[in-house]
Protein chains: 2
Amino acid sequence: MATTENTGDSALARRRKAEKPKSSSTPRSASKLARQRDPDATKGRILEAAKREFSRAGLGGARVDSIAARAKANKRMIYHYFNSKEDLFTAVLEDSYLGIRAAERSLALDGLTPQDALDALVRFTWRYYLENPEFLTFVNSENLHKARHLRKSKALAQEYPRFIEIVQRIIDRGVADGVFRPGIDAVQLNITIAAISYYYLTNRYTGSIVYDRDLMAKDRLEERLEFNVETIRRLVRADPSA
Amino acid sequence: MATTENTGDSALARRRKAEKPKSSSTPRSASKLARQRDPDATKGRILEAAKREFSRAGLGGARVDSIAARAKANKRMIYHYFNSKEDLFTAVLEDSYLGIRAAERSLALDGLTPQDALDALVRFTWRYYLENPEFLTFVNSENLHKARHLRKSKALAQEYPRFIEIVQRIIDRGVADGVFRPGIDAVQLNITIAAISYYYLTNRYTGSIVYDRDLMAKDRLEERLEFNVETIRRLVRADPSA
DNA sequence: CCCCATCTTAACTAACCGGTTATTTATTTC
DNA sequence: GAAATAAATAACCGGTTAGTTAAGATGGGG
């Protein structure tokens, strides 16, 4: 669990922890019920609450009042810090995306053999989706809205190229070593690695009915992960003919 | 295209076409603006309109007024025939599910070699999702709601067992012939076949941004389909050791 | 110590939305 | 052909929702 380093904190919360023991340590009047001011904390609580609410019901189903209540903030604060419901959704999306990328970078795959690196990436993807199911909901929601928010996000634009390079490097090393077959497209492979975990987990409810098994039972989850590792191994394996 | 036999008609519409030249062919008073009565047609129009509206915006985002307008029916008719928005969604879901199963049955895979049958199933799955994108939206929407509607549907309960048998039979034949490796779980294989098409197509919008390519360009689609066929072939292939 | 930008709150509103009521009109039944 | 039934319509309702107003609280800078 700790391996993915996901603490449930938003990127904003992470930043705050690291950089800010600034706001004078002992608030003068911690007396009574008078709420202390802490803009960063308020903003952070709103973002975290929004994450949960958007995850629960999607962009359309989420209620701004619920977010405010959950964040223990006044609704006006949401509009003060995030301008609109859609902009708040965009912020959540960005934070979430940066979260998975940060976790991915911490894997240090370059130190592993190509096969181990690929296995590790498959296992990481599975684990991350399993432990952060809201990420799947956001991606679904965003696609329902034709990526309207993602398209406008400048913050993420620079992340994409770096991201596909991870898989490309593994493939290149594997082909050079002769353990992977040549000609594998990095994008197709990456999509496939995501797909086999994503589909199983995002469709956990209908899947459990259609296939008449509890897809989320512990044994079933382990079984699926091993199946996925095997699927990708076979996909990249060099043909024994040569 | 015609191969999947999908005409865009609902199951209800299909039934009506086949069984009902009953309602006397020439309506007596087609005069003026007086709206003719046609319960089946009205119900069918509502279902079709609901399909489009739910597909556009999901259960939460769909507007009952929009459905009524699109169906050229009075809103009250929706409640007359379908009781509630949620029941209407359930009806759409059932119709959609029966649609893909009907198309699947018409494939007649038992007449093919195991390898050809599996290829055909992969191609069918891809084509069906591509031509009926609303199906993907419904599954997503339903999972966001934890399969609340699907669970209650009696009409579909009997479909599920028959459905997994299709893949199981292909596997059994392939293993018997020695072309497939033994020990492949039919459910895992089926999930994987669905996953590699589903993920690519349902995440077409975010995917096109993240991977910086138009995933829906004609060449890209063909490329992906062939990649998927190859992925499944390698997954089931008997190991050359024996 | 006081000004003033920033943070925070409660109350408000205009539009929307799922569902209903009351009524009319067409079709079937006997 | 009258009574009964089913289909269709328009107008309406109560509750909800995203977003706003206006005013007060707070605290850092001068």
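Here is the naming used below: chain letters follow the sequence lines, and residue numbers restart at 1 for every chain. Side-chain atoms are counted along with the backbone in the values below, which use heavy atoms only and exclude waters and symmetry mates.
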A:Tyr81 side chain near C:dT6 phosphate (N/O to OP1/OP2, under 4.0 Å):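 No, no such contact exists.
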B:Glu223/B:Arg213 under salt bridge (Lys or Arg N to Asp or Glu O under 4.0 Å): CA gap, chis, key distance, verdict: CA-CA 13 Å; B:Glu223 181 186 322; B:Arg213 18 172 115 161; 3.8 Å; yes
Test of ring centre spacing under 6.0 Å for A:Tyr199 and B:Tyr199: no
Distance flag, aromatic centroids of A:Phe89 and A:Phe54, threshold under 6.0 Å: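 Ring-ring flag for A:Phe54/A:Phe89: true, centres closer than 6.0 Å.
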Spacing of A:Lys72 atom NZ relative to C:dT9 atom C1', expressed in whole Å: 17 Å
Nearest-angstrom distance from the residue atom NE2 of B:His80 to C1' of D:dT5: 10 Å
B:Phe82 six-ring face occupied by B:Lys43 cation (under 6.0 Å, within 45°): yes
Per-nucleotide protein contact string for nucleotides 10-21 of chain D (B base, S sugar-phosphate only, - none; heavy atom under 4.0 Å): B------SBBBB
B:Asn190 side chain to A:Tyr211 side chain, donor-acceptor N/O pair below 3.5 angstrom: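 Indeed, the side chains of B:Asn190 and A:Tyr211 share at least one donor-acceptor pair under 3.5 Å.
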